[in-house]
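Worksheet: one structure, shown below.
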Amino acid sequence: RVLFRSDSDPLCDPDADEADESWVLKKLRHENSSSVVLNCPGCFTPVCFDCEGHEKYAQYRASEVVNCVTDSSQVYSFIPQGPLPTTQETYHPVKCTVCNTEVAVIDQQNTYHLFNVLPSDG
């Protein structure tokens, strides 16, 4: 006597995992994307699905983020040190839309530099 069959359960879809993975790959990730998903440290909301890790530091860069907003009213300035004269670089803070934690900055080339994030396996 069979008490429970998963194929007869209307809330159980054995193909859901594959369909969900396919959707994520199409909508959120790109070819050759990293296997790391970056999350907000304040609320664990995903903020980036496609990034490149820094070789030396626990930082990442990306061209797209999710669940984030750029605070254009604040500007961070940085003058690189070195032997050649350089121009001042400016950045805007990027915050999690769920809990308002600052997770990154965005530069003048629209590259996100994520530093206050929790990486997890994608």
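These figures come from a predicted structure and were not determined experimentally. By convention here, the first residue in the shown sequence is residue 1.
- Residues Cys68 and Thr97 come closest through the heavy atom pair C-CG2, 3.5 Å.
- Taking hydrophobic clusters as Ile, Leu, Val, Met, Phe, Trp and Tyr residues chained together by side-chain heavy-atom distances below 4.5 Å, Leu38 does not share a cluster with Phe44.
- Remark: the Ser77 side chain and the Glu89 side chain contain no N/O donor-acceptor pair separated by less than 3.5 Å.
- A heavy-atom distance below 4.5 Å is not found between the side chains of Tyr91 and Ile106.
- Residues Val105 and Leu114 do not share a hydrophobic cluster, defined by chaining ILVMFWY side chains whose heavy atoms lie under 4.5 Å apart.
- What you find for Glu102 and Asn116 is that their closest heavy atoms are O-ND2, 2.8 Å.
- Under the 4.5 Å side-chain heavy-atom criterion for Ile, Leu, Val, Met, Phe, Trp and Tyr, Phe115 and Tyr112 are members of distinct hydrophobic clusters.
- Under the ring-ring contact (aromatic ring centres under 6.0 Å, His included) criterion, His54 pairs with Tyr57, not counting sequence neighbours.
- The shortest heavy-atom contact between Glu64 and Cys48 is O-SG, 3.6 Å.
- Among residues two or more places apart in sequence or in another chain, the salt bridge (Lys or Arg N to Asp or Glu O under 4.0 Å) test is passed with Asp71 by Lys95.
- Residues Tyr60 and Gly53 approach most closely at CD2-CA, 3.5 Å, considering heavy atoms.
- Ser120 and Asn39 share a donor-acceptor pair across their side chains, judged by distance under 3.5 Å alone.
- Looking at His92, its side chain does come within 3.5 Å of a backbone N or O of Gln74 through a donor-acceptor pair.
- Closest of all the heavy-atom pairs between Cys96 and Thr45 is SG-CB, 4.5 Å.
- Contact annotation: the side chain of Cys51 never approaches that of Val65 to less than 4.5 Å [non-hydrogen atoms, C-beta and beyond].
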- prompt: Thr90 and Tyr76: side-chain contact (heavy atoms from CB on, under 4.5 Å), yes or no, with the steps?
  reply: CA-CA 6 Å; Thr90 59; Tyr76 298 154; over 6 Å; no

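- Residues Asn67 and Pro46 come closest through the heavy atom pair ND2-O, 2.8 Å.
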message: Please evaluate residues Val69 and Val94 with respect to the criterion side-chain contact (heavy atoms from CB on, under 4.5 Å), reporting the C-alpha separation (whole Å), side-chain torsions for both, the decisive distance (0.1 Å), and the verdict.
response: CA-CA 6 Å; Val69 63; Val94 177; over 6 Å; no

